[in-house]
Peer 1: 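Got a structure for you, questions after.
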Amino acid sequence: MADKQHLYLVDGSSYIFRAYHRLPPLTDPDGTPVGAVYGYTTMLWKLADDLDKADGPTHLAVVLDKSSQSFRNEIYDQYKANRPDPPEDLVPQFPLIRDATRAFSLPMIEEENVEADDMIASYAREAQARGWDVTIVSSDKDLMQLVGEKDGAKIDMLDTMKSARIYVDEVKDKFGVPPELVGDVLALMGDSVDNIPGIFGVGPKTASKLIDEHGSLTAALDAAEDMKKSKLKERLLEHRKDAELSRVLVTLREDCPLPIAIEDMKLDGIPGEPLAAFLEKHGFTSLLRRLDAGSGSPDRPNDLNPAKVETKGDSGTSEGNRQPLPEFPAVDRSAYETVQTMERLEHWIAKCRAARIIAVDTETSALDAMRADLVGISLATGANEACYIPLGHLNDGGGGSDMFSEKPEQVPLDDAVAALKPLLESDAVLKIGQNIKYDLNVLARYGIAVAPIDDTMILSFDLDAGRSEGGVGGHGMDELSERHLGHTPLSFKEVCGTGRKQIPFGEVPLDKATEYAAEDADVTWRLHQHLKPRLAIEHGARIYERVDRPLIPVVAQMERHGIKVDRARLAKLSEEFATETAKLEKTIHELAGKEFTVGSPKQLGEVLFDDLGHKGGKKGKSGQYSTDQSVLERLSGDGAEIADKVLEWRQLTKLKSTYTDALQQAINPDTGRVHTSYSLVGAQTGRLSSTDPNLQNIPIRTPIGRQIREAFVPENGNVLLAADYSQIELRLAAHMADVPELKEAFAEGEDIHARTAREMYGEADRDTRARAKTINFAILYGISRWGLAGRLKIEPDEAQELIDTYFKRFPGIQSYIHETLETVRERGYSETLFGRKTWFPRIGSKNQAERQGSERAAINAPIQGTSADIIKRAMARMMPALEDAGLEHVRMLLQVHDELVFELPEGDVEAASPIIERVMAEAALPAVELSVPLGIEIGTGASWDAAH
DNA sequence: CGGATCACG
DNA sequence: GACGTACGTGATCCGA
């Protein structure tokens, strides 16, 4: 007796949209979003695994929509016209859905001019006609029309997300009518997503009641004439044509030509290859293990370890349903191995490949990644599973630290690099680092391009920015280890000493070095296990995957490029500043009547206020006179010549010590360029910060300071190009607070401060424009009457009136501030348009100063942070966009919050400028559509100064 | 090592 | 009843 055939038809297109919204935004080791693909893969697995079970499939096919157009558009041109574009991180998953289907060796149906629903209907009827049972894997309400039995062959539906079978009773529960009348109900109620008109004002309730009463759509429409006068009657009569059109649109075509014969859809279970290749490519490791192990259904998926995915029920995406945190054995430093032979190194490389997720840490001879030499590398594959590979050690621990003992046995550096390179560059192995940008730059100098990567420091930042203070903003490894693991790692000081007694890492004895280095990798691996799963649960994946993680290699490359600085020019400036400073100092001493240290605010204060008798106040804590710029400017206004001279002296000494002298020091002897280091976790708002040297505060506001910018130059034959976002924060404020007047002004390309002046004062002249500008900035920073009064040199009462006028003219600003603060008080954090969180733990402080400080920062953070997100997105897209255009010689060198600086061949300027402008202007898209344009200003020249 | 000052967006 | 006023950074200097 032949078993009954059972055809499963998978509605792939509708499944992936649902999977996308139900599953966390996971990514594979390449950073490609694969959340929906993962859900789809596990679903196919489960279905294929049910082969030959009771009611399971004997035959199976996947049906997908080929395009958004179908024959229904010819009937009704507005059909599906209101469909929003799919989310940006779903788009790259569409082709992967097809890859997954092929990997399972399943037939795939995609036909032009009809929709997946029509193909499903056609196949279902064909199978039914042959006496086969059919299960439609979908929860689409349109398909419910097909459910039921005919000639002893039944069609049902399966909602895999709810693990629910839908048969006639379920359809009746939902629509109040049997399946064959569902089309009539749908025609009456319409569908806003598909833009099916239906009868205006008729919803599911009324529709099913009418059909149930009258037995069909036509009967219901005919009966309208005899109804007693009502809104409903009018509507039925008036929109009859709409309903009839809708009936045609919701009717499924059951007679489509069938491209694949149903007997060819026979299911063979779960294949080995090429499924294994697909699972491996996307890091679906637990499925891969299951495949290796034979079969078994993926009940407890653990893929993309450690971002745990739960495909059943609702857990996994909801805030309250946290996964238990992983627990590990206590750190055991004696478990680490010192790898000193090629044989052991090969062993560890194999172990890493099998582990697929490893932590990496490099030990170097210095802190500067551009100068440091590689001293060793540590790897971790699990808790207490870590090793240290010494490569440049001088001391094996046999002698004292002041006496070189014999050089220890080590794998030769070149051999080790050659052996490790394929592992560190392998797509199949995720490399985790704590501040991995550093390791990227060190290893890049040895010819290794590490990828794919994860970074525990940035994970921590994207989850917990603002939650704690301290060294690296609370995201340093020691702090993270304490906080998440309750473990104190060996400190660098304990290993290398401190101050004058500090030794380079290469002189640390191997046993000690192994304990320290391998522990760092071990701890990093453990931290990743803690932090990565939180990303999906706490909605941090968007910002991490889409903004910050892609930026790591980009910023690393900018740091390696560095920028050329004209040393001779700086030296000349230093000299000029020195002579001028000496002259000023002499004059100041004369004016003071005695010699003193001009650079000492304490001494200066005493000279100004005690000796010379100027009036001024003491500063709170230190009991010291304040002598800052505003005080000196006031004294100067009162005619004190010495104040002028001191201001001038300060400017010159500042420029000399901080810039002209320091920048010469910062020139890298190997590259002849200056390589700053950007911190991706430096600013709570998500901005980058720049150190060693800080290239984000090079003078520009005064002519004398600007001379320093003239020393930043391109290589021969090249120019520097500077591209700025103009007024980006004000534009974002106009968008986020929804201020029509400001949005309009930006749209028209108006002078925004002049427009503000007109709105506030009725006219814009030099004076009112300047005041309006101050007020505009005050808004971005969280306004107070005293602050504004101080800036505008007016009384607080007057300032308050201005603020009131501003809020009255732009009520959106006031409600933005109010709503932002409400949200922060409620949730504890603010959010940018791209979902970056900043926490404000002191927002509810009893201390007023503290609380108000938090409030001002909280008002500013979404604006400053959104601006940071936008330029980061532009940076991540910039080089691919330029390379696509064949511009391979353009180098992105610097970022200064709203400005990007490039170095490029003179001949490339014309081609590169529009691309740079477009990438920057469109950086918010498609994730966020701004209601204001983003204006870009571009300049080029033979120096950074000339490029402005 | 903290405070004061000042360079930038 | 007192608090102390614009957001975000980093480098340098002085002086305890």
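All chains are named by letter (A, B, ...) in the order of the sequence lines, taking the proteins before the strands, and each is independently numbered beginning at 1. Since this is a predicted model, take the numbers as computed values, not measurements.
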Peer 1: Within this structure, what is the CD-to-P distance between A:Q624 and B:dG3, rounded to whole angstrom?
Peer 2: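 Computing the A:Q624:CD to B:dG3:P distance gives 11 Å.
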Peer 1: Look at the side chain of A:Q852 against the base of C:dG4 and say whether a donor-acceptor pair falls under 3.5 Å; ignore hydrogens and angles.
Peer 2: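 It does, because a donor-acceptor pair links the side chain of A:Q852 to the base of C:dG4 below 3.5 Å.
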Peer 1: Could you check whether A:R877 pairs with A:E922 (Lys NZ or Arg NE/NH1/NH2 to Asp/Glu carboxylate O, under 4.0 Å)?
Peer 2: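 A salt bridge is absent here (no side-chain N lies under 4.0 Å from a carboxylate O).
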Peer 1: Mind checking if A:A662 touches a base, just sugar-phosphate, or nothing, with heavy atoms under 4.0 Å?
Peer 2: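 Contact class for A:A662: sugar-phosphate only.
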Peer 1: Could you please name the option among B:dT5, C:dT12, C:dG10 that lies closest to any side-chain atom of A:N697?
Peer 2: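 Comparing B:dT5, C:dT12, C:dG10 against the side chain of A:N697, the answer is C:dG10.
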Peer 1: Would you mind classifying the nucleic acid contact of A:T627 as base, sugar-phosphate or nothing, using non-hydrogen atoms under 4.0 angstrom?
Peer 2: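 Sugar-phosphate, backbone atoms only, no base.
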Peer 1: Take atom NE2 of A:H897 and atom P of B:dA7, then tell me their distance rounded to the nearest Å.
Peer 2: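 Atom-to-atom, A:H897 to B:dA7, this comes out as 16 Å.
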Peer 1: Using Watson-Crick or G-U wobble pairs with both distances under 3.5 Å, give me DNA chain C in dot-bracket, 5' to 3', with [ ] for crossers and | for pairs to another strand.
Peer 2: ......|||||||||.
Peer 1: Base, sugar-phosphate, or nothing: which does A:E729 touch, judged by heavy atoms less than 4.0 Å apart?
Peer 2: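 No contact.
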Peer 1: Check this for me: does any side-chain nitrogen of one of A:R769 and A:E750 sit under 4.0 Å from a carboxylate oxygen of the other?
Peer 2: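 Result for this pair is no, no salt bridge flagged.
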Peer 1: Between B:dA7 and C:dC3, how far apart are the two C1' atoms, rounded to whole Å?
Peer 2: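 Going atom to atom, C1' in each nucleotide, I get 31 Å.
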Peer 1: Examine the side chains of A:D767 and A:Y761 and answer whether a donor and an acceptor come within less than 3.5 Å of each other.
Peer 2: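 Looking only at side-chain atoms, A:Y761 and A:D767 do not form any donor-acceptor pair under 3.5 Å.
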Peer 1: Scan residues 785-796 of chain A against DNA chain C and write down, sorted by residue number, each residue with any heavy atom closer than 4.0 Å; if none is found, say none.
Peer 2: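 Within this stretch, A:W786, A:R791 sit under 4.0 Å of the strand.
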Peer 1: Take the protein atom CG of A:L780 and the nucleotide atom P of C:dT9, then report the distance between them rounded to whole Å.
Peer 2: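 Rounded to the whole Å, the gap is 16 Å.
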Peer 1: Once you apply a heavy-atom cut-off of 4.0 Å, does A:T653 come out as touching a base, just sugar-phosphate, or nothing?
Peer 2: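 If one applies the 4.0 Å heavy-atom cut-off, A:T653 turns out to touch nothing in the nucleic acid.
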Peer 1: Does A:T685 have a side-chain nitrogen or oxygen under 4.0 Å from the phosphate oxygens OP1 or OP2 of C:dT9?
Peer 2: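 Checking A:T685 against C:dT9: no side-chain N or O falls below 4.0 Å of OP1 or OP2.
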Peer 1: Please tell me which of the listed nucleotides, B:dC8, B:dT5, C:dG15, lies nearest to the side chain of A:D628?
Peer 2: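 Shortest atom-to-atom distance from the side chain points to B:dT5.
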Peer 1: What interatomic distance, in whole Å, is found between P of C:dG4 and the corresponding atom of B:dA4?
Peer 2: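 Here B:dA4 and C:dG4 have their P atoms 14 Å from each other.
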Peer 1: Using the P atom on both, measure C:dT5 against B:dG3 and round to a whole Å.
Peer 2: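 To the nearest whole Å, 14 Å.
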Peer 1: Should A:R856 be listed as having a side-chain N or O under 4.0 Å from OP1 or OP2 of C:dT5?
Peer 2: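 False: A:R856 side-chain N/O out of range (4.0 Å or more) of C:dT5 OP1/OP2.
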Peer 1: Does A:K837 come within less than 4.0 Å of A:E831, counting only side-chain N to carboxylate O?
Peer 2: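 The answer is no: the pair does not qualify as a salt bridge.
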Peer 1: What's the closest nucleotide to the A:A683 side chain, out of B:dA7, B:dG9, C:dT9?
Peer 2: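 Closest nucleotide to the A:A683 side chain: C:dT9.
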Peer 1: Would you call A:E575 and A:K572 a salt bridge, taking side-chain N to carboxylate O under 4.0 Å as the test?
Peer 2: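 No salt bridge links A:E575 with A:K572.
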Peer 1: Is it the case that the side chains of A:N441 and A:E559 hold a donor-acceptor pair, with the cut-off being a distance below 3.5 Å and no angle test?
Peer 2: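 There is such a pair (donor and acceptor under 3.5 Å, judged by atom type) between the side chains of A:E559 and A:N441.
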Peer 1: Hey, does the side chain of A:Q651 come within less than 4.0 Å of B:dT5's phosphate (OP1/OP2), counting only N and O?
Peer 2: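 For B:dT5, neither OP1 nor OP2 has a side-chain N or O of A:Q651 closer than 4.0 Å.
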Peer 1: Could you tell me whether A:R546 and A:D869 make a salt bridge, using a distance below 4.0 angstrom between a side-chain N and a carboxylate O?
Peer 2: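 A:D869 and A:R546: not salt-bridged.
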Peer 1: Quick test of your reading of the model: are A:K872 and A:D548 salt-bridged, counting only N-O distances below 4.0 Å?
Peer 2: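 Yes, A:K872 and A:D548 are salt-bridged.
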Peer 1: Rounded to whole angstroms, how far apart are CZ on A:R851 and P on C:dA6?
Peer 2: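 Whole-Å distance recorded here is 17 Å.
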Peer 1: If I take atom CZ in residue A:R709 and atom C1' in nucleotide B:dA7, what distance separates them, rounded to the nearest angstrom?
Peer 2: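 One finds 10 Å between C1' of B:dA7 and CZ of A:R709, rounded.
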Peer 1: Measure from CZ on A:R650 to C1' on B:dA4 and round the result to the nearest Å.
Peer 2: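 Computing the A:R650:CZ to B:dA4:C1' distance gives 8 Å.
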Peer 1: When you check the gap from the basic side-chain N to the acidic O, do A:R755 and A:E759 get nearer than 4.0 Å?
Peer 2: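 Between A:E759 and A:R755 there is a salt bridge, with a charged N closer than 4.0 Å to a carboxylate O.
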Peer 1: To the side chain of A:T691, which of C:dA11, C:dC14, C:dC3 is closest?
Peer 2: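 Of the options given, the side chain of A:T691 lies nearest C:dA11.
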Peer 1: Taking only side-chain N and O atoms of A:S626, does any of them lie within less than 4.0 angstrom of OP1 or OP2 on B:dT5?
Peer 2: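 A:S626 to B:dT5 OP1/OP2: side-chain N or O found under 4.0 Å.
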Peer 1: Checking contacts here: which listed nucleotide (C:dC14, C:dA6, B:dG9) is nearest the side-chain heavy atoms of A:V896?
Peer 2: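 Of the options given, the side chain of A:V896 lies nearest B:dG9.
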Peer 1: Starting at CG of A:L695 and ending at C1' of C:dT9, how long is that distance when rounded to a whole Å?
Peer 2: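 Going from CG in A:L695 over to C1' in C:dT9 covers 14 Å.
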Peer 1: On DNA chain C, check which nucleotide each of A:S689 and A:Y781 is closest to and give me the residue with the more 5' one.
Peer 2: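 In this pair, the answer is A:Y781.
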Peer 1: So that I can tick it off, tell me whether A:R673 and A:E903 are bridged by a salt bridge, with the cut-off set at under 4.0 angstrom between side-chain N and carboxylate O.
Peer 2: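 So A:E903 pairs with A:R673 through a salt bridge.
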Peer 1: If you check every side-chain atom of A:R687, which of B:dC8, C:dT5, C:dG8 has the closest atom?
Peer 2: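 Closest of the options to the side chain of A:R687: C:dG8.
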Peer 1: Using atom CG of A:L663 as one end and atom P of B:dC8 as the other, report the distance to the nearest whole Å.
Peer 2: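 From A:L663 CG to B:dC8 P: 14 Å.
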Peer 1: Which one, C:dT5, C:dG10, C:dG15, comes nearest to the side chain of A:Q603?
Peer 2: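 Of the candidates, C:dG15 comes closest.
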Peer 1: Indicate, with a heavy-atom threshold strictly under 4.0 Å, whether A:S677 touches base, sugar-phosphate, or nothing.
Peer 2: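 Here A:S677 touches no strand at all.
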Peer 1: Between C:dC7, B:dA7, C:dT12, which one does the side chain of A:K654 approach most closely?
Peer 2: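 Nucleotide nearest to A:K654's side chain: B:dA7.
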Peer 1: Which part of the nucleic acid, if any, lies within contact of A:A778, taking any heavy atom under 4.0 Å across all strands shown: a base, the sugar-phosphate backbone alone, or nothing?
Peer 2: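 Touches a base.
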Peer 1: With a 4.0 Å cut-off on heavy atoms, is A:D692 in touch with a base, just the backbone sugar-phosphate, or nothing at all?
Peer 2: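 The answer is sugar-phosphate, as A:D692 gets under 4.0 Å only of primed atoms, P, OP1 or OP2.
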Peer 1: If the cut-off is 4.0 Å, is A:T658 near the phosphate of B:dA7, judged by side-chain N/O to OP1 or OP2?
Peer 2: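 It does not, given that no N or O in the side chain of A:T658 lies less than 4.0 Å from OP1 or OP2 of B:dA7.
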Peer 1: Closer than 4.0 angstrom, basic N to acidic O: yes or no for A:R825 and A:E855?
Peer 2: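 The answer is yes: the pair qualifies as a salt bridge.
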Peer 1: Look at all strands and tell whether A:I779 reaches a base, only sugar-phosphate, or nothing, counting heavy atoms closer than 4.0 Å.
Peer 2: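 No contact.
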Peer 1: Have a look at A:I700 and say if it touches a base, only the backbone sugar-phosphate, or nothing, with a 4.0 Å heavy-atom cut-off.
Peer 2: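 It contacts sugar-phosphate atoms only.
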Peer 1: Is the centre of the A:H475 ring less than 6.0 Å from the centre of the A:F461 ring?
Peer 2: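 Ring centroids of A:H475 and A:F461 are less than 6.0 Å from each other.
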Peer 1: State whether a side-chain donor-acceptor pair under 3.5 Å links A:Q696 with A:S690.
Peer 2: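 There is no such pair between these side chains.
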